[in-house]
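Read the numbers this way: they start at 1 and go in the same order the structure lists the ligands and their atoms. We number each residue from 1, following the sequence as shown.
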Amino acid sequence: MKALITGITGQDGSYLADFLLKKGYEVYGMVRRSSTENFERITHIHDKIQLIQGDLLDELSLIKMMEKVEPDEIYNLAAMSFVPTSWDQPILTGEFTGIGVTRMLEAMKRVCPKAKFYQASSSEMYGKVQEMPQTEKTPFYPRSPYGVSKVYGHYITVNYRESYNLFASSGILFNHESPRRGLEFVTRKVTDAAARIKLGLQKELRMGNLDAKRDWGFAGDYVKAMWLMLQQDEPDDFVISTGVAHSVEHLVEVAFEHVGLTWKDHVVTDQEFIRPAEVEHLLGDYKKAKDVLGWEPEVSFEEMVKMMVDADMEHVKKQM
Ligand code: NAP
Ligand code: F7E
């Protein structure tokens, strides 16, 4: 089986590549050209995967890539994924995260219509939540240009499924984290800071809204759900979550306590990190995924935060 992953250099792409290689897949990854290589998360599998240059903005590059690979499964994980940047670059976010999905689906329709397509939808689509917990049937109310773009990507996936009979599934994934998470996202920002403060390299941590609540899971568990969605007989949409929400404050508390620090001695609120419109509380109901896919999360919030702090302690020590 051949799998094509866009966004392979990102957190999820790297975990998915690990997972598919273990399953015996030939793994192809799309990477955009840059003046320096950005392969930190896939260095350990570089000799086992094949990388092809392409960009979500360039339709022809997507067509040529699919002609070359002839994939059985396509995982569209590439996107501009950091919510605050989406207010600074709303048009580019729409191009990558929204219209980019149409470019992928069009290329697949022309080149390999029998392939199975996974779209990385997001709990950010629920935004100002209309019900608690959120299911596949909860109406969307996005609160950022990122969330709006993901709603577009989600519905164009549903539309191509219904219009052209493509096997196109959408995973509505709630926040998922790991030691490979980008440093600007709140979990990694906190675990990295806990390590730096513990090791004497940093004194304070400047944060935004500590009251926001998220349903945080482990990325390694979530990529398995992506794969399971493409092993079904019919395409469909699934919420992937843990069913438990924690506040940002609790996240900080668990991370700092793990290295013997009192968070209140170090954390400072800074307006710079307050968003123009906030998503206050996300909580997912993964019952459909459990019933249909047999999927359940395996790593708890506390285990994941400690795993990330431990990894950052090692990482920071190596830099000293
Ligand atoms: P990430 O670490 O930010 O990775 C994003 C990937 O997209 C990177 O490989 C990046 O390449 C690539 N990319 C961005 N723009 C591109 C373009 N124009 N052409 C080609 N590649 C491009 O994101 P992630 O956390 O792994 O998330 C994966 C996907 O799931 C994203 O679509 C995200 O929006 C979605 N999602 C994430 C979460 C979460 O909690 N992690 C939850 C729900 C949905 P470079 O390395 O070159 O920048
Ligand atoms: O923020 C609050 C912030 O940036 C989480 C992406 O993967 O998940 C992610 O989006 C919460 C927000 O993730 C800081 O206001 C407080 O309420 O880690 P985050 P996100 O915005 O939820 C979804 C599902 C995606 O799809 C996205 O691609 O934490 N917060 N203080 C802070 N957030 C950050 N980044 N930095 C702070 O200092």
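The distance from the CD atom of Glu177 to the CZ atom of Arg188 is 11.0 Å, given to the nearest 0.5 Å.
At a 3.5 angstrom cut-off on N or O pairs, Asn175 does not count as close to ligand 1. Below 3.5 Å of separation, one finds no N or O of Asn76 facing any N or O of ligand 1. Any N or O atom pair closer than 3.5 Å counts here, and Ser122 shares at least one such pair with ligand 2. Any N or O atom pair closer than 3.5 Å counts here, and Leu56 shares at least one such pair with ligand 1. In terms of polar-atom proximity, defined here as any N/O pair under 3.5 Å, Gly208 does make such a contact with ligand 2. Inclusion of Trp216 in the set of residues having an N or O under 3.5 Å from an N or O of ligand 2 is not warranted. At least one N or O atom of Ala79 sits closer than 3.5 Å to an N or O atom of ligand 1. When only interatomic distances are considered, the shortest N/O to N/O separation between Leu77 and ligand 1 falls below 3.5 Å. Checked by distance only, ligand 2 and Ser81 come closer than 3.5 Å through their nitrogen or oxygen atoms. Residue Gly10 has at least one N or O atom closer than 3.5 Å to an N or O atom of ligand 1. The distance criterion of under 3.5 Å between nitrogen or oxygen atoms is not met by Leu210 with respect to ligand 2. Of the polar atoms of Glu177, none of the N or O atoms is found under 3.5 Å from an N or O of ligand 1, judged by distance alone.
Atom 13 (O) of ligand 2 has Asn175 ND2, 3.6 Å as its closest protein atom, hydrogens excluded (heavy atom only). Closest to atom 35 (N) of ligand 2 among all protein heavy atoms lies Glu184 O, 3.0 Å. At the shortest separation from atom 32 (C) of ligand 2 among protein heavy atoms lies Val186 CG2, 3.5 Å. Looking only at heavy atoms of the protein, atom 38 (O) of ligand 2 is closest to Lys189 NZ, 2.7 Å. Protein heavy atom nearest atom 1 (O) of ligand 2, with residue, atom name and distance: Arg275 NH2, 3.3 Å. Nearest protein neighbour of atom 10 (O) of ligand 2, counting heavy atoms only, is Val83 CG2, 3.7 Å. Here the heavy atom of the protein found nearest to atom 7 (O) of ligand 2 is Arg181 NH2, 2.9 Å. Protein heavy atom closest to atom 12 (C) of ligand 2, with residue, atom name and distance, is Arg214 NH2, 3.4 Å.
For Glu124, the heavy-atom gap to ligand 1 stays at 4.0 angstrom or more. Residue Arg180 places every heavy atom at 4.0 Å or more from ligand 1. Heavy-atom separations between Phe82 and ligand 1 are all 4.0 Å or longer. Heavy-atom distances between Glu95 and ligand 1 stay at or above 4.0 Å for every pair. Every heavy atom of Ser123 sits 4.0 Å or more from the atoms of ligand 1.
Atoms of ligand 2 found under 4.0 Å from any heavy atom of Ser123, numbered from 1 in the order shown, are 24 (C). Close contacts of ligand 2 with Tyr146, meaning ligand atoms under 4.0 Å from a residue heavy atom, involve 25 (C), 26 (O), 27 (C), 28 (O). Counting the atoms of ligand 1 from 1 in the order shown, those under 4.0 Å from a heavy atom of Phe96 are 15 (N), 18 (N). Applying the 4.0 Å criterion to heavy atoms of Val248 picks out, from ligand 2, the atoms 2 (C), 29 (O). Set against the non-hydrogen atoms of Phe82, the atoms of ligand 2 under 4.0 Å away are 4 (O), 35 (N). In summary, the atoms of ligand 2 found under 4.0 Å from a heavy atom of Ala212, numbered by their order in the structure, are 17 (O). For ligand 1, the atoms sitting less than 4.0 Å from at least one non-hydrogen atom of Ser81 are 1 (P), 3 (O), 23 (O), 33 (C), 34 (O), numbered in the order shown with element in parentheses. Counting atoms of ligand 1 from 1 in the listed order, those under 4.0 Å from a heavy atom of Asp55 are 17 (C), 18 (N), 19 (N). Atoms of ligand 1 found under 4.0 Å from any heavy atom of Met30, numbered from 1 in the order shown, are 20 (C). Atoms of ligand 1 found under 4.0 Å from any heavy atom of Ser121, numbered from 1 in the order shown, are 43 (C), 44 (C). Short contacts between ligand 2 and Glu278, defined as distances under 4.0 Å to a heavy atom of the residue, involve ligand atoms 3 (C), 12 (C), 15 (O), 17 (O). The contact set between ligand 2 and Phe273, taken as ligand atoms under 4.0 Å from a residue heavy atom, comprises 38 (O).
Side-chain contact annotation: Ser170 with Ser121, donor-acceptor N/O pair under 3.5 Å present. Under the 3.5 Å distance criterion, with hydrogens and angles disregarded, a donor-acceptor pair is assigned to the side chains of Glu73 and Gln231. His44 and Asp18 share a donor-acceptor pair across their side chains, judged by distance under 3.5 Å alone.
Ring pair Tyr155/Phe140: centre-to-centre distance below 6.0 Å.
Between Asp55 and Arg33 no salt bridge is recorded (no basic side-chain N to carboxylate O distance below 4.0 Å). Under a 4.0 Å N-O distance rule, the pair Glu124/Arg214 qualifies as a salt bridge. Between Lys109 and Glu106 there is a salt bridge, since at least one side-chain N of the basic residue sits less than 4.0 Å from a carboxylate O of the acidic one. In summary, Asp237 and Arg161 engage in a salt bridge, as defined by a charged side-chain N under 4.0 Å from a carboxylate O.
By the criterion of a heavy-atom distance under 4.0 Å, both the backbone and the side chain of Thr9 are placed next to ligand 1.
When all heavy atoms are compared, the tightest approach of Glu136 to Val239 is OE2-N, 2.8 Å.
No side-chain donor-acceptor contact under 3.5 Å links Gln53 to the backbone of Val31.
For Lys189 and Phe273, the positive end sits near the middle of the six-membered ring, less than 6.0 Å away and at most 45° from its axis.
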